[in-house]
Enquirer: 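I am attaching a structure below and will ask some questions about it afterwards.
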Protein chains: 2
Amino acid sequence: MSLKQGGKADIVDVARRARVSISTVSRSFNHPDLVNPATRKKIERAVQALGYIRNRAAQTMHGRRSGTIGLIVPTIDNAIFAEVIQSFSDAVDHAGFTLLIASHGFDLDREYAVLRKFLEHRVDGVALIGLDHSEPTFQLLDQQAVPVISIWNYEADSRISCVGAKNYDAGRMAAEHLVELGHRRIALVFPVTIGNDRARGRLGGAVEVLQDQGALPPEEWTIQSPYNIAEAKEACGALFDLPECPSAVLCGNDVIAQGVIYALLKRGLKVPEDVSVMGIGDFKGSKEMEPALTTIHFPAHEIGGLAGREMCQLIAQSEPPNKVASLIRTKCDIRLSARATCRAV
Amino acid sequence: MSLKQGGKADIVDVARRARVSISTVSRSFNHPDLVNPATRKKIERAVQALGYIRNRAAQTMHGRRSGTIGLIVPTIDNAIFAEVIQSFSDAVDHAGFTLLIASHGFDLDREYAVLRKFLEHRVDGVALIGLDHSEPTFQLLDQQAVPVISIWNYEADSRISCVGAKNYDAGRMAAEHLVELGHRRIALVFPVTIGNDRARGRLGGAVEVLQDQGALPPEEWTIQSPYNIAEAKEACGALFDLPECPSAVLCGNDVIAQGVIYALLKRGLKVPEDVSVMGIGDFKGSKEMEPALTTIHFPAHEIGGLAGREMCQLIAQSEPPNKVASLIRTKCDIRLSARATCRAV
DNA sequence: AGATTTTATGAAAACATTTGCATTACTATT
DNA sequence: AATAGTAATGCAAATGTTTTCATAAAATCT
């Protein structure tokens, strides 16, 4: 009975019950210092009694910020991004924003479609993974002048703000480590690189080092596999049934590395005694594996948190609307985590 | 120059450019069949030229659906939920909805706060994990009459719609399998169960079976550990340094199981020769492990997808607004996946 | 005590849409 | 050829807020 029949009370109901005008109610939410504490109390009571919940849509429509941030990722259910999504989410949540999320399965056209959808919802900002996006995506971003940040990759000349690391360096580091350990017979297991600049950068870096060393792997030692334990395990199986087996395997990321290790174990081969395995990413759990995975450490948690905070900053900067925020570029350091899956030969 | 100075065109601009009324423009979006194809073409061209993007906030405000669904989970960066989030996301995306997501870190008060925030955004529906929620949460849900679904657990007498499995059964199955294999010296590694009915159900089921067999583990064989490889590995270490070592370990989920396996490997103990390890959940990758993990299979992908589709159904049902949708309860089957980490003794 | 500033409130316009009702122009029916 | 029915469109009210401006009341200054 204290509730309106519909169950949904609006600001007018609150005003009526508190015997003040709607302006005062609105003010008591948005600029509490401008309204008499006693009045505020009355309003507070009315809100309680009616179970009133503010309608953000109405505020949004009025031209204010919507209080939402959109995050577009290739996939959610993947160790790579889960950590970065979590820390990004925490950071924007902490600043009072609500997160809209969607995945596109590495399809840049779907990415564009999702972006449009987010824009229809008038997100205050958008975060994307990597710097590889379709031209329409860039144009839309530009035209709508929405604050945008790219997570995971760093490029000094990126078209949009970014926070992340140089995947090219990661690829180099990984290959160099293997080479320093004396390996020359190195196989490569990477995902498809179109529309995936992280993988492309890593592979490019690794190949360059190997080329300099005259250790470029033959065709049959270059395996393609998605970021997925099962498929990686399956895909690289043939590798070890070959007459000449590589002494080390450099993997596109830790998930692939895990698949490779399982494939080796399954064949009764020992890591690192028979074959060394190198990952990239240093996902949660890679350190705890037995033997612990040698990999290139990416500070995923830090990258996600930084990206979230910088996103909020970009949004604050771009106030008033239409003021274009300046670009921010943050380079995060990566480093070799030499553990137990690679040995010198 | 074809763009409005602000960069943002509205429906009025489109109408003007297409030389029709705003009503017609609106209609051509929402009820295209009611407008002349030729007119629709004109409007389409105007939209293109102006780079117009519809404002969902305005539609929302008008009382229609917002086109958003809120998903509240304990954590995102965890193998347990990542898969279910992904499939739920895909399902609602497919139906044209946009997903709002937030995590609460197993804190039911934060869950309540997040729910409020989502309701401010006028989500068309809310999905929660499990059936353990604070009383204010249930009341708010009730009072706002928002379609809601619980994911992961099934209870015949749940207060809200649910799709999932019986965690109690999972716990029983796991314990029964171990008992059938002849194990009596069984250790338990589970997370804190307050506010986590999944863990509570599993533990309860397992304990009951063990009690019936007079195989209830002593205090020092009951370990507490969060869902986290590193902490599980660390936490159960002491277990194997004890004078009398258990012959099997039953874990709260597969992540914990993996931690336990690594702890064993680290001590030079073999799985399953020295100790059997049982997981619950059957996460992505558990099948590929070497040795492959014996676990209770939860159809996470199916649960998430079903939940997403049923959420959309509930929303459709609750049209017109204020019509309360009926409860839906779907029980998903779980089964033992006996693989290689448990052996008979 | 009168003038000036400050504090607290209200009225009404604005925001970008949707939709019920009214209107006009066709097409089909007798 | 008049009538009824249908298709396509426009007008204007409604949606739930925020905010500018105006006004009234109270506090401060001289």
Side-chain angles (χ1 to χ4, degrees), chain A residues 4 6-43 46-47 50-68 119-122 124 144 319-322, chain B residues 4 6-43 46-47 50-68 119-122 124 144 319-322:
Chain A
K4 216 189 168 187
K8 324 269 178 176
D10 69 4
I11 201 175
V12 187
D13 302 319
V14 175
R16 192 160 24 222
R17 192 168 225 273
R19 301 190 182 287
V20 293
S21 73
I22 23 175
S23 332
T24 306
V25 176
S26 173
R27 247 187 310 256
S28 100
F29 282 121
N30 300 294
H31 313 282
D33 45 312
L34 292 183
V35 11
N36 188 320
T39 313
R40 227 155 57 202
K41 203 95 194 178
K42 278 196 301 187
I43 293 172
V47 167
L50 296 170
Y52 168 68
I53 293 193
R54 304 165 68 187
N55 187 334
R56 294 281 248 171
Q59 311 182 47
T60 304
M61 219 203 48
H62 197 267
R64 289 196 87 50
R65 66 234 129 81
S66 67
T68 59
L119 257 16
E120 290 189 354
H121 284 286
R122 294 295 186 267
D124 295 330
Q144 298 295 314
E319 201 96 356
N322 302 337
Chain B
K4 218 187 169 190
K8 325 270 177 175
D10 68 6
I11 201 175
V12 188
D13 300 320
V14 175
R16 191 161 25 222
R17 192 171 227 271
R19 302 189 180 288
V20 294
S21 72
I22 10 180
S23 337
T24 306
V25 177
S26 172
R27 247 184 311 251
S28 98
F29 282 122
N30 300 294
H31 312 281
D33 43 312
L34 293 183
V35 12
N36 189 320
T39 315
R40 229 155 56 203
K41 205 94 192 176
K42 276 197 299 185
I43 293 172
V47 166
L50 295 169
Y52 167 69
I53 294 194
R54 305 163 67 182
N55 187 335
R56 294 283 245 171
Q59 311 183 46
T60 305
M61 218 203 49
H62 197 267
R64 287 199 86 52
R65 68 237 129 82
S66 67
T68 60
L119 291 173
E120 290 189 353
H121 284 287
R122 294 296 186 271
D124 294 330
Q144 298 295 315
E319 200 96 357
N322 303 334

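Numbers restart at 1 for each chain; the letters A, B, ... are given by sequence-line order, proteins then strands. These values consider heavy atoms only, across backbone and side chains, with no hydrogens, waters or symmetry-generated copies.
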Enquirer: What's T39(A) touching, base or sugar-phosphate or nothing? Going by heavy atoms closer than 4.0 Å.
Expert: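 Touches sugar-phosphate only.
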Enquirer: Please give, in whole Å, the distance from dA14(C) P to I22(A) CD1?
Expert: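 Interatomic distance, CD1 of I22(A) to P of dA14(C): 15 Å.
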Enquirer: Expressed as a whole number of angstroms, how long is the span from R65(A):CZ to dT17(D):P?
Expert: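 Result: 15 Å.
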Enquirer: Output yes when at least one side-chain N/O atom of S21(A) is less than 4.0 Å from OP1 or OP2 of dG10(C), else no.
Expert: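 Result: yes.
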Enquirer: In this structure, how many angstroms lie between the P atom of dA16(C) and the CG atom of D13(B), rounded?
Expert: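 My rounded result for the distance is 9 Å.
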Enquirer: In whole angstroms, how far is the P atom of dT18(D) from the CG atom of L34(A)?
Expert: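 It is 13 Å, rounded to the nearest whole Å.
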Enquirer: Grab the CZ-P distance between R40(A) and dA8(C) for me, whole Å please.
Expert: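 Rounded to whole Å, this separation is 9 Å.
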Enquirer: Under 4.0 Å, heavy atoms only, any strand: does T24(B) hit a base, just the sugar-phosphate, or nothing?
Expert: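 Sugar-phosphate contact only.
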Enquirer: Just how far, in rounded Å, is C1' of dA16(C) from NE2 of H121(A)?
Expert: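 So the two atoms are 15 Å apart, to the nearest Å.
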Enquirer: If you round to the nearest 0.5 Å, how far is CG of L50(B) from CD1 of I11(B)?
Expert: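 Here the rounded value is 12.0 Å.
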Enquirer: Quick one: closest heavy-atom pair of T68(B) and R122(B), and the distance?
Expert: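 Residues T68(B) and R122(B), closest heavy atoms: OG1-O, 4.1 Å.
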Enquirer: State whether H31(B) places a side-chain N or O below 4.0 Å from either non-bridging phosphate oxygen (OP1 or OP2) of dT18(C).
Expert: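 No, outside the criterion.
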Enquirer: Protein-nucleotides 14-16 of chain D N/O pairs closer than 3.5 Å?
Expert:
none

Enquirer: Between R17(B) and V14(B) (side chain of the first, backbone of the second, donor and acceptor by atom type, cut-off under 3.5 Å), is there such a pair?
Expert: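 Side chain of R17(B) to backbone of V14(B), a donor-acceptor pair under 3.5 Å: no, none is there.
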Enquirer: Between dT19(C), dT9(D), dG10(C), which nucleotide has the shortest distance from any of its atoms to the side chain of S26(B)?
Expert: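 Ranking dT19(C), dT9(D), dG10(C) by closest atom to the S26(B) side chain puts dT19(C) first.
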Enquirer: Does any N or O in the side chain of R16(A) come within less than 3.5 Å of the main-chain N or O of S21(A), such that one atom is a donor and the other an acceptor?
Expert: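 Not a single qualifying donor-acceptor pair exists.
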Enquirer: Please state how far atom CZ in R27(B) lies from atom P in dC21(C), giving the value in whole angstrom units.
Expert: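 For the pair R27(B) CZ and dC21(C) P, the rounded distance is 14 Å.
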Enquirer: Is the closest side-chain heavy-atom distance between Q144(A) and I53(B) below 4.5 Å?
Expert: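 With C-beta onward as the side chain, the pair touches.
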Enquirer: Just call it for R56(A): base, sugar-phosphate, or nothing, with non-hydrogen atoms closer than 4.0 Å on any strand.
Expert: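 Contact class for R56(A): none.
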Enquirer: Given side-chain contact (heavy atoms from CB on, under 4.5 Å), test N55(B) with D10(B) step by step and report yes or no.
Expert: CA-CA 8 Å; N55(B) 187 335; D10(B) 68 6; over 6 Å; no
Enquirer: Would you kindly say whether S26(A) and S23(A) are connected by a side-chain donor-acceptor distance under 3.5 Å?
Expert: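 The answer is no; no qualifying pair exists.
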Enquirer: To the nearest Å, give me how far apart CZ (R19(A)) and C1' (dG10(C)) are.
Expert: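 Rounded to whole Å, this separation is 16 Å.
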